[in-house]
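Residue numbers start from 1 in every chain, and the chains themselves are labelled A, B, ... in the order their sequence lines are given, proteins ahead of strands.
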Protein chains: 2
Amino acid sequence: MTVSRGREFLSIPGPTNVPEQVLAAMNRPAVDIYSGEMIGITDSCLEDLRKIFRTTGRTYIYAANGHGGWEAAISNVLSRGDKVLVLPSGRFALGWGDMARMMGADVEVLEGGWQLAVNPAAVEERLKRDKQHAIKAVVVVQIDTASGVVNDIPAIRKAMDAAKHPALLMVDTVASLGCMPFDMDAWGVDVAMSGSQKGLMTPPGLAFVAANARAREAHQTANMRTLYWDWTFREGEIHYQKYCGTPPEHLLFGLRKAFDMLFDEGLENAIRRHTLLAEATRAAVAKWAEGEVLAFNIPNAPDRANSITCILMRSDPTPLLDYCREKCGVVLGIGLGDLTGKGFRIAHMGYCNAPMVLGTLGAVEMGLKALSIPHGSGGVQAAIEYLGRAVKP
Amino acid sequence: MTVSRGREFLSIPGPTNVPEQVLAAMNRPAVDIYSGEMIGITDSCLEDLRKIFRTTGRTYIYAANGHGGWEAAISNVLSRGDKVLVLPSGRFALGWGDMARMMGADVEVLEGGWQLAVNPAAVEERLKRDKQHAIKAVVVVQIDTASGVVNDIPAIRKAMDAAKHPALLMVDTVASLGCMPFDMDAWGVDVAMSGSQKGLMTPPGLAFVAANARAREAHQTANMRTLYWDWTFREGEIHYQKYCGTPPEHLLFGLRKAFDMLFDEGLENAIRRHTLLAEATRAAVAKWAEGEVLAFNIPNAPDRANSITCILMRSDPTPLLDYCREKCGVVLGIGLGDLTGKGFRIAHMGYCNAPMVLGTLGAVEMGLKALSIPHGSGGVQAAIEYLGRAVKP
């Protein structure tokens with residue numbers, strides 16, 4: 001017997017739920033790539049990306065996923081042999097570093113872990129020791145969806161400044177843009193990248209990169225540049241140059257609609273919504289954790305991300321994930337990396353409201369009960385109580 | 001501040017949530033009405049309706065809503081001046097009776113109420129007094145979405161048989177078909193009607209009527225017949241006669257897909273799912289009712305419907321409904337008739353799973369807390385506990 005027939009609750013950390021309005025905007029024929037509305041869609045999306053990244057720098061849209069965005073960021077500013085310092089806090093900065101290594105960078109990974117945010121003091125200490133300024137770039141993710149951590153980007157910038165180090169600060173905002181504050185210029189981020197499929201509510205297939213003046217200066221001498229990713233080529237006059245070929249039109253129709261929805265809600269309101277839903281989720285998990293079988297992957301509460309909650313389990317999480325999917329229609333994120341077979345992930349990211357989160361948490365709690373997994377009772381209750389207090393009439 | 005941006009939770013008792021697969025099936029051009037696949041779609045849907053109504057009688061599909069289905073049912077079997085006995089239990093049997101009266105029937109309304117199921121003993125008593133058999137039809141709804149009641153159709157049939165009365169038994173299954181058992185032939189129902197937009201998961205705009213041999217015999221002499229609704233005309237050889245004109249093709253594309261989904265799940269499984277979700281909802285409402293401000297509209301527990309729960313309040317329900325809609329993105333059913341301004345309704349009907357119901361209940365409980373409406377705490381908790389016990393791994 002199941003109670004799963006109904007809308008699937010996709011509670012994985014990306015791709016996230018695509019709004020019906022975005023799907024509807026994509027449901028149309030292709031259009032000319034040399035004239036007409038596609039020109040305006042491109043220009044307006046590039047401009048809106050500057051508002052979302054909060055930068056006066058240049059923005060670029062790629063027909064690519066987030067990994068493509070990584071390659072675009074690296075290739076435009078680095079040369080083979082350049083030293084890159086990776087600040088790990090889960091999986092994704094390491095992945096970005098692996099990519100840079102294959103492209104010819106000399107990659108060094110700072111000490112870090114799967115349950116900790118990046119320590120700015122360690123960054124400062126390492127950069128101070130680099131007296132020759134061999135390190136050309138520091139790469140870090142704002143939110144790592146594999147560990148559930150959020151890194152303090154302004155503090156990392158301050159650490160770099162305290163070390164008086166000229167390396168570029170390159171930040172992956174794939175799982176944070178639209179979900180929490182990001183302020184590229186004010187925070188001194190030189191290169192930021194993101195993707196369409198998380199907080200930005202659009203199907204996967206678009207990568208975004210923003211570059212400030214320092215990054216574009218480094219671009220002048222970078223020798224990793226290739227045509228597909230190249231900023232200079234994309235800055236050309238002809239519209240198709242902006243995509244180095246055919247624009248991914250339907251994804252752009254969707255993105256235009258998603259940006260309209262984001263600005264209609266208000267970027268600040270969307271960020272506040274993510275904070276409330278994350279707090280509600282954490283209220284439930286904190287209750288469940290009283291059973292001592294489940295625990296937050298990130299022990300230090302302020303380091304827990306507002307778009308994803310990662311949960312460690314002392315027992316195999318597979319039966320719980322299977323129950324939620326097969327019996328309830330709720331798809332949770334599997335554990336990745338150090339969490340493989342040891343935990344699961346609940347996303348509260350993008351097009352996501354209170355009943356979606358409460359429904360997902362309700363299915364998890366049903367599963368905990370049905371499978372007799374020891375847990376503190378009243379998790380969803382705690383989430384409802386939190387939201388009922390926080391969201392005033 | 002709101003936490004509403006995300007999928008709207010449409011928790012009204014119809015139209016219900018239309019599955020994405022049904023919408024996708026409708027997302028195509030129109031086709032020829034004289035040849036090709038539309039012929040097969042009509043034939044298969046008429047045949048599947050016989051499986052769903054559980055009848056070997058004839059079925060008819062109208063481009064009409066449920067009210068059209070009422071008119072179709074009445075006009076095909078009655079003549080002006082015929083006496084009709086209405087068995088009220090909320091709003092809809094009365095509405096059907098009003099329609100029959102305007103068409104020329106002599107309508108009598110049995111005593112009944114907004115908080116009670118039809119009493120079969122009263123039906124038997126009234127029919128026994130009709131020694132001349134002036135009453136030609138008894139009309140009743142299986143589930144009344146305005147009151148939240150379910151009527152015992154087999155018991156009403158038994159009452160008619162006990163009175164040895166030949167009146168036709170005509171049943172409105174708009175809010176019950178696909179949600180609870182209905183067994184037209186075994187229960188001795190002569191005419192049943194329904195609509196596309198509730199348990200059958202299709203957009204509104206299609207009405208269904210099923211007629212057994214007794215009904216079709218009455219049809220031969222009925223003088224209320226008009227071409228649009230006429231069974232004989234619709235039984236003609238030419239395909240467009242089956243719709244008395246152009247078939248509502250896109251609704252039929254959707255209906256075909258919805259029926260495929262219903263049989264894929266299994267009709268019995270869908271009914272069991274509705275039972276479980278209704279029980280969960282009632283577990284929550286029973287807790288809330290401890291605060292003595294909320295109460296079930298139907299005091300007698302066995303008479304509560306499995307597709308809709310109607311809740312009476314001692315305070316104005318408007319702020320709660322506004323909170324759920326504006327702050328949480330959950331649309332609840334307003335009170336109708338005797339419940340106007342005095343209650344609200346939670347549907348658990350059609351394409352609906354555990355997280356959808358728990359998310360809806362969670363929003364209601366958020367609203368009760370946020371608005372300081374006295375209520376027993378732990379309603380959603382009780383729903384989760386019920387489902388965790390009932391839905392085994």
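- Judged purely by atom type and a 3.5 angstrom limit, A:N353 uses its side chain to pair as donor or acceptor with the backbone of B:R7.
- Taking 4.5 Å as the limit, every side-chain heavy atom of B:E365 sits out of range of all side-chain heavy atoms of A:L358.
- Interatomic distance, A:R5 CZ to B:M261 CE, rounded to the nearest 0.5 Å: 5.0 Å.
- Proximity to chain A is absent for every atom of B:D322, based on heavy atoms less than 4.5 angstrom apart.
- Contact record, A:G6 with B:Y351: O-OH, 3.0 Å, taken as the closest heavy-atom pair.
- Across every non-hydrogen atom of A:S377 and B:Q381, the tightest pair is OG-NE2, 3.2 Å.
- Between B:G388 and A:Y323, the shortest heavy-atom contact is CA-OH, 4.3 Å.
- To the nearest 0.5 Å, atoms CE (B:M356) and CE (A:M356) are separated by 10.5 Å.
- Contact annotation for A:L276: only side-chain heavy atoms (C-beta onward) come within less than 4.5 Å of a heavy atom of chain B.
- Remark: the A:E265 side chain and the B:T2 side chain contain no N/O donor-acceptor pair separated by less than 3.5 Å.
- Taking A:R389, A:E20, A:H274 one by one and counting their heavy-atom pairs under 4.5 Å with chain B, the maximum is reached by A:E20.
- Here the side chains of A:E385 and B:K369 are in contact, with some heavy-atom distance below 4.5 Å.
- Taking each heavy atom of A:A370 and B:P393 in turn, the nearest pair found is O-CG, 3.5 Å.
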